[in-house]
Structure formats: C-alpha cells, structure tokens
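Below: one structure, written as structure tokens.
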Amino acid sequence: MISANNVTLRLGKKALFEDVNIKFTEGNCYGLIGANGAGKSTFLKILTGELEPTNGNVAVTPGQRLSFLKQDHFQYDEFSVLDTVIMGNQRLYDIMKEKDAIYAKEDFTDDDGIRASELEAEFAEMDGWNAESDAATLLTGLGIPVESHYTLMKDVPGPLKVKVLLAQALFGNPDILLLDEPTNHLDLDAIAWLEEFLISFDNTVIVVSHDRYFLNKVCTHTADIDYGKIQLYAGNYDFWYESSQLLIRQMKEANKKKEEKIRELQEFISRFSANASKSKQATSRKRALEKIQLDEIKPSSRKYPYIDFRPAREIGNEVLAVEGLCKTIDGVKVLDHISFVMGREDKIAFVGSNELAKTTLFKILTGEMEPDEGNYKWGVTTSQSYFPKDNTEIFQNDLAITDWLTQFSEIKDATYVRGFLGRMLFAGDDGMKKMKVLSGGEKVRVLLSRMMIEGSNVLIFDEPTDHLDMESITALNNGMMKFPGVILFACRDHQVVQTTANRIIEFLPDGTMIDKVTTYDEYLESDEMARKRQVYSMSESDAEDN
C-alpha cells in the first residue's frame with residue numbers, strides 16, 4: 001500500500017495540492033485524471049519521492065518495492081536493452097553483476113565463496129534464474145524483436161526506447177507500479193498487450209493516461225484531481241464521468257429545493273414579521289432560514305475545445321484510387337504494391353505496428369513524397385487537409401498564430417480567424433503568440449484550427465491525439481465522428497479508432513496490407529487477427545526458450 005497523508009505542495013503562492021489524503025491499496029489499478037496543469041505528473045513525482053511536498057508525507061508499506069516509468073531516454077545508453085529492463089529491479093541486477101565479478105576472479109578465496117553462496121541464495125529467492133527470459137517476454141510483448149535485445153540503448157530508435165523503459169518499469173513484479181502516460185508512442189497492438197498485462201497484475205497500479213479506452217479497460221478506481229483536491233471513485237473512467245455528473249445534478253436539484261424553501265420562508269417573514277400574533281412563527285422561520293446553506297458547486301477546471309469540421313463543398317462519388325504504390329526507405333520496403341479505392345462514405349483507420357508505412361502513405365497522398373512505383377488519383381471534387389505527425393518545420397517561423405492562420409482562410413479578417421482560435425481555447429491575446437514558442441498541445445490545437453478554417457471534404461490525420469489532454473481528445477473524437485466527409489487517419493487512441501472508422505487497413509511489417517470494411521473491435525476479432533495472434537504467440541514462446 002502507498003498513501004499520501006495531508007500532502008500540500010505550494011509553488012510560490014499557489015497551492016497545487018492542499019491537504020490531500022488518499023490510500024492506494026493492493027490489487028487495484030487507479031487512474032489518476034485531471035485537466036492539463038492539474039498536477040497529475042507532479043503528484044506521481046511526490047509518490048516516488050522525486051519531489052518533496054511542502055507539508056505532509058508519503059508512506060509505503062515496509063518491504064514493498066516501488067517501480068515507476070522513467071522519462072530520461074538517455075540514462076541507459078551504455079547498457080544493453082535486456083540489462084536495462086532487468087535494472088527495473090536494481091537489487092537483482094546488482095546481485096547479478098556482483099556474482100559475475102566474483103566468479104571472474106583468478107584468485108578466488110574462501111571469503112569469495114561464502115559471499116557467492118549468500119548471493120546465490122538471494123538470487124534464487126528473487127527468481128533470478130528467470131530474469132532474462134522474463135525480460136525478453138516483456139520486450140517481445142511490447143513489439144521489440146529478439147534480435148534487438150542485446151543492442152545498446154544508444155543505438156535503439158526513440159520510439160523503441162520508450163517501450164524498453166516501460167518494460168523496465170513492469171519487470172520483476174513490483175509491489176507498487178506508477179505509470180505516467182505509458183501508452184505514449186505505443187502502437188495499438190502494444191497498448192492491447194499492456195492492457196492485458198495490467199488486468200492480470202495483482203499488485204498496486206497508479207496510472208496517468210489520456211487514453212479513455214485504456215483507462216476503462218484497466219482501472220478499478222479513478223482518482224480525480226480538481227482544484228487541488230483528489231476525489232476517489234470506485235470504478236473506471238466512464239463510471240467516474242457518470243458519477244461526477246450525477247453528483248452535480250443531485251447538488252443542483254438539492255439547491256433548487258433549498259432555494260424554493262428560502263423563498264417560501266422569506267415570503268412568510270415579509271408578510272407576518274410585523275403581525276404580533278404571527279411574530280413567534282416569523283422568528284422561528286428566520287432561524288430556519290439562517291440554517292439553510294446552499295451547496296457550493298464549483299465549475300470543473302476542465303475546458304473542452306469546440307471542434308467542428310465543416311466541408312465547404314460536398315464530395316462526389318470518385319474520391320481516391322491508389323494503385324500499386326511502392327516505396328523503399330533506407331533499403332527497407334516500406335510500401336509494397338499498396339492498392340485500394342476509397343468511397344465517399346469511408347472513414348479509414350490505418351493500424352498496425354508499421355508506423356513508417358502509414359506516415360509514408362500520407363506523405364505520398366499529400367504530395368510531400370514521391371512513390372518509387374505506382375500511382376494515385378484524387379477525385380475532382382475533393383479537397384484535402386493534412387495533420388502531419390511531425391510538425392516541427394511548420395512552426396519554425398516568426399509569425400503570430402493569427403497571421404499564420406489567416407493565410408489558409410478565404411475570409412482575410414483577423415476577427416474571423418480569432419473566432420476559430422477561441423473555439424480551440426486560445427483566449428484574448430493568445431492569438432498574438434509566436435508560432436515558434438508554442439507548446440506541443442498548443443501546436444496541435446493550431447493545426448486543428450487550420451483544418452477547420454480550410455473547410456476541406458477530405459481529412460488526413462497522422463496521430464492527432466499526441467500532446468492533447470483528455471478533454472481535447474474527446475472534442476476531436478466528436479468532431480471526427482460527425483464530419484460528413486471522408487477521413488484517412490492513424491491514431492493510437494482505441495476509442496477514436498473504434499468510434500470513427502468504418503473501414504480498417506492494417507500495414508504489416510513487410511509493407512503489405514489487410515483491408516476490411518468493419519469496425520476496429522470487429523477487426524480485432526477477425527480471422528486475420530486470430531492468425532496474427534497465433535504467429536505472435538509462437539514468436540513469444542521462442543523468446544522464452546531463448
């Protein structure tokens with residue numbers, strides 16, 4: 001068990017947390033939620049001891065091991081992938097290295113033998129003989145192939161480093177597991193594997209995530225941070241939402257009844273306070289009136305943007321024809337004779353672990369990249385808006401947000417453009433911010449503003465939920481669902497894919513694809529996925545044997 005006792009954290013004059021008391025117990029998974037800036041990651045740092053509270057303390061059951069997802073991607077550059085994972089249990093790793101050092105001695109003494117015996121006993125007690133195979137199983141489950149397990153971390157690509165550090169946090173069955181945005185940069189297959197891992201995990205888990213489907217799948221409890229307090233609910237994210245809305249409705253109804261009672265008492269007092277025969281009754285009602293207290297209903301600190309994509313032109317029957325597209329990058333066949341035809345009612349989700357294939361296809365379809373072979377043709381009635389995965393180049397300029405957006409608007413009026421920014425939570429003078437100083441979330445909201453202004457009837461999204469908070473993801477999800485045009489998109493958010501897509505195209509590691517007219521959940525249960533899982537299960541067994 002881990003608990004926060006009267007925890008207060010002040011940043012200057014502002015109290016981020018005030019007298020927080022909460023217990024996280026064994027066997028439960030707690031989703032820690034709240035608006036951007038509410039202090040979710042900060043609270044996790046307090047629990048890990050990385051950050052000292054101004055007042056109060058954190059208590060952990062003696063003897064329990066706490067593990068958390070590291071954010072420093074360069075800390076383990078000189079270690080192999082497998083060793084990095086095993087270092088998730090630092091004591092076990094230290095025993096392994098000390099044993100190796102003793103056995104490597106040329107002048108092995110009796111004292112060395114005694115020490116080695118002690119270490120072997122502790123090593124066996126910690127199930128050390130299975131450490132490498134357990135680490136390999138975690139890595140394979142997250143989609144890191146066996147041939148990469150002995151690679152140095154400095155030679156591992158950024159997205160894979162995230163998976164290695166996640167495997168490190170999960171390693172060795174920790175008693176308390178803290179995860180801050182564990183699904184970031186994971187493909188949908190890896191997220192599904194992590195969901196099953198956490199569902200089967202018997203100890204305490206506290207997780208921060210913007211993925212609503214993930215929280216609904218794994219969480220037994222929800223801890224909501226709002227206005228410096230943490231309110232605990234028994235249930236997942238959807239249960240929290242329904243419960244919190246119900247509580248607000250009940251408080252409003254109770255206040256309404258109290259207000260009616262107040263008016264009734266005030267009316268009686270006003271009519272009879274000067275009447276001698278009714279004076280006692282009037283005095284009694286005054287005392288009753290003083291006792292009535294309306295419940296304070298604070299508005300939530302959460303803010304939802306308004307996302308509404310409205311095409312300026314209706315789309316025709318001919319939308320997109322792709323025939324035999326091939327593309328090789330750095331000697332790897334990324335796209336291998338990709339062909340499909342898109343209809344006017346299609347909303348296609350591109351899924352699978354081959355993220356480069358998705359981004360490459362989108363770049364080809366938007367004219368940013370040329371294919372090696374094959375061709376594509378957009379219908380004459382189509383107009384496209386593109387949300388790129390890497391937006392670095394777009395924001396390397398000195399323009400103010402309003403000036404930059406005005407370039408994409410038919411109506412060259414700053415007030416008109418600011419209206420779109422207002423919908424996306426840019427208030428007041430925010431529109432005068434320079435493009436190059438924006439945060440990750442602000443950049444995403446600016447790009448979504450551009451897509452709304454352009455009024456295209458074809459939307460192309462490459463991982464649009466990265467850097468967005470849960471409220472913005474919900475707003476984007478709603479905007480995509482009600483959009484009357486065509487959508488091509490890649491997204492790691494299961495709920496966005498499930499509720500938006502009516503067709504699934506999966507890119508396989510060899511650059512080929514599977515194309516199904518279906519929802520995402522139905523696709524996961526399809527014969528193709530069953531065969532994939534069988535192959536994956538066999539490869540996982542091979543990893544354990546190694």
Side-chain H-bond candidate by donor/acceptor type, [X] with [Y], under 3.5 Å:
| X | Y | value |
| --- | --- | --- |
| D403 | T406 | no |
| T382 | N457 | no |
| E454 | S385 | yes |
| N236 | H221 | no |
| T359 | D462 | yes |
| D211 | S209 | no |
| T512 | D336 | no |
| N28 | T25 | yes |

Answer yes or no: is there a donor N or O on one side and an acceptor on the other, between the side chain of [X] and the main chain of [Y], under 3.5 Å?
| X | Y | result |
| --- | --- | --- |
| T151 | S148 | yes |
| K347 | M481 | yes |
| N354 | A357 | yes |
| T500 | V497 | no |
| D413 | Y416 | yes |
| Q498 | D521 | yes |
| N216 | D238 | yes |
| E242 | F239 | no |
| K40 | V207 | no |
| Q168 | T84 | yes |

* Asked: Between K358, R492, K163, which is the residue that forms a salt bridge (Lys or Arg N to Asp or Glu O under 4.0 Å) with D187?
  ->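 Answer after filtering K358, R492, K163: K163.
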Any side-chain heavy-atom pair from [X] and [Y] closer than 4.5 angstrom?
| X | Y | result |
| --- | --- | --- |
| I225 | I33 | no |
| W240 | L215 | no |
| I473 | R212 | yes |
| V218 | F197 | no |
| I401 | L421 | yes |
| T519 | I504 | no |
| V81 | L139 | yes |
| L365 | L320 | yes |

Please say whether more than 12 non-hydrogen atoms of neighbouring residues, nucleotides or ligands are located less than 6.0 Å from [atom1] in [X].
| X | atom1 | value |
| --- | --- | --- |
| E345 | CD | no |
| K363 | NZ | no |
| E147 | CD | yes |
| F483 | CZ | yes |
| Q75 | CD | yes |

* Asked: How far apart are the C-alpha atoms of F507 and I338, what are their side-chain angles, what is the distance that settles it, and do they pass the side-chain contact (heavy atoms from CB on, under 4.5 Å) test?
  -> CA-CA 9 Å; F507 284 124; I338 297 299; 3.7 Å; yes
Lys/Arg N to Asp/Glu carboxylate O, [X] vs [Y], below 4.0 Å:
| X | Y | answer |
| --- | --- | --- |
| E522 | K516 | no |
| K161 | D72 | no |
| D224 | R302 | yes |
| E318 | K377 | no |
| R344 | D346 | no |
| K217 | E196 | yes |

Minimum heavy-atom distance [X]-[Y], with the two atoms named:
| X | Y | result |
| --- | --- | --- |
| P174 | S67 | CB-CB, 3.6 Å |
| L476 | P464 | CD2-CB, 3.8 Å |
| P182 | L194 | CB-CD2, 3.9 Å |
| V380 | R313 | O-NH1, 3.8 Å |
| G324 | S339 | N-OG, 2.7 Å |
| L178 | L44 | CD1-O, 4.1 Å |

* **Partner of H494 under ring pair (Phe, Tyr, Trp, His ring centres under 6.0 Å), chosen from F214, Y523, Y520** =>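 It is Y520; the other options fail the test.
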Drop me the distance from [X]'s [atom1] to [Y]'s [atom2], to the nearest 0.5 angstrom.
| X | Y | atom1 | atom2 | answer |
| --- | --- | --- | --- | --- |
| F24 | L177 | CZ | CG | 13.0 Å |
| W193 | T140 | CH2 | OG1 | 9.0 Å |
| N478 | D308 | CG | CG | 10.5 Å |
| L405 | M424 | CG | CE | 10.5 Å |
| L524 | L188 | CG | CG | 8.0 Å |
| Y233 | Y241 | OH | OH | 12.5 Å |

Looking at [Y], does the NZ or CZ of [X] lie under 6.0 angstrom from its six-membered ring centre and within 45 degrees of the ring axis?
| X | Y | result |
| --- | --- | --- |
| K436 | F395 | no |
| R445 | F426 | yes |
| R450 | F408 | yes |

* side-chain contact (heavy atoms from CB on, under 4.5 Å) between Q71 and D180: does it pass, once the steps are laid out? -> CA-CA 9 Å; Q71 301 297 332; D180 191 359; 4.0 Å; yes
* Starting from the C-alpha separation in whole Å, work towards a yes-or-no answer on ring-ring contact (aromatic ring centres under 6.0 Å, His included) for F350 and F362. => CA-CA 10 Å; F350 293 84; F362 293 155; 5.5 Å; yes
* Working for salt bridge (Lys or Arg N to Asp or Glu O under 4.0 Å), residues E373 and K327 -> CA-CA 7 Å; E373 298 178 41; K327 186 66 179 180; over 6 Å; no
* Asked: Does the pair S472 and D469 meet the rule for a side-chain hydrogen bond (donor to acceptor under 3.5 Å, both in side chains), with working shown?
  -> CA-CA 5 Å; S472 297; D469 59 22; 2.9 Å; yes
